[in-house]
Amino acid sequence: MAEEHHHHHHLHHHKEEEVPGEVDYKKEEKHHKHLEHLGELGAAAAGAYALHEKHEAKKDPEHGHRHKVEEEIAAAAAAGAGGFAFHEHHEKKDSKKEDEEAHGKKHHHLFG
C-alpha cells in the first residue's frame, strides 16, 4: 500500500507588496539600530580593555611600556567604535525620516 503525501500550499498575504527597487525604510532603520548597538558594545569593550591595560601598567612595571601601548590602542578602538555608533545613530534617524516622508507623514514644527 502506497503512502499518501499531503502537500499544503499556504498563500501568505502581505498588506503591502514589495516593489522591486523600493527601499524598505523600516528594515533599513532596524539594520542601522542594530549596527549602532554593536558600535556601542565595541566602544564599551574596548574602553574596558583600555582601563584594564592602564591598571596592568601600574601593577606590572617591568612590562609597563607594552601595557601603555595596548591601553592607547584600545582607547583608539573605543573612540572609533563610539564614532561608528554615533554615525549609525544618525543613519537610523535619516531612515526614519525618509520612511515618514515616503509615507506622507506630516512634520509639525512648533518653534520655527
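None of these values were measured; they are calculated from a predicted model.
- Here the straight-line distance linking atom NE2 of H32 with atom NZ of K96 works out to 14.5 Å at 0.5 Å rounding.
- Take E53 and apply the salt bridge (Lys or Arg N to Asp or Glu O under 4.0 Å) test, not counting sequence neighbours, and it matches no residue.
- Taking the six-membered ring for Trp and thresholds of 30 and 60 degrees, H52 and Y49 have ring planes inclined between 30 and 60 degrees apart.
- Side-chain contact between H63 and D60 is present, with heavy atoms from C-beta onward closer than 4.5 Å.
- Rounding to the nearest 0.5 Å places CG of D99 at 14.0 Å from NZ of K27.
- For the atom pair CG (L38) and NZ (K33), the distance works out to 13.0 Å, reported to the nearest 0.5 Å.
- What you find for A75 and A50 is that their closest heavy atoms are N-CB, 3.9 Å.
- For the pair H31/E28, no side-chain contact is recorded, criterion being any heavy-atom separation below 4.5 Å from C-beta on.
- Shortest non-hydrogen contact noted between G64 and A57 is O-CB, 3.9 Å.
- For the residue pair A81 and A43, the shortest heavy atom distance occurs at CB-N, 3.4 Å.
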#### Entry: Chi angles and distances behind the side chain to side chain contact (heavy atoms under 4.5 Å, CB included) call for L35, F84
CA-CA 8 Å; L35 291 177; F84 178 75; 4.2 Å; yes

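- Looking at heavy atoms from C-beta onward, E91 lies in side-chain contact with H87 at the 4.5 angstrom threshold.
- Between G39 and A85 the shortest heavy-atom distance is C-CB, 3.8 Å.
- Separation of atoms CD (E88) and CD (E40) is listed at 11.0 Å; rounding is to 0.5 Å.
- To the nearest 0.5 Å, atom NE2 of residue H67 and atom CD of residue E70 are 7.0 Å apart.
- For H34, the NE2 atom sits in a loose shell: 12 or fewer heavy atoms of surrounding residues, nucleotides or ligands are nearer than 6.0 Å.
- Taking the charged nitrogens against the carboxylate oxygens, K59 and E56 do have a contact shorter than 4.0 Å, which makes a salt bridge.
- Annotation: ring-ring contact (aromatic ring centres under 6.0 Å, His included) contacts of H90 (sequence neighbours excluded): F86.
- A salt bridge links E71 with K68: the closest approach of a Lys/Arg side-chain nitrogen to an acidic carboxylate oxygen falls below 4.0 angstrom.
- For the residue pair S95/E29, the side-chain donor-acceptor check at 3.5 Å is not satisfied.
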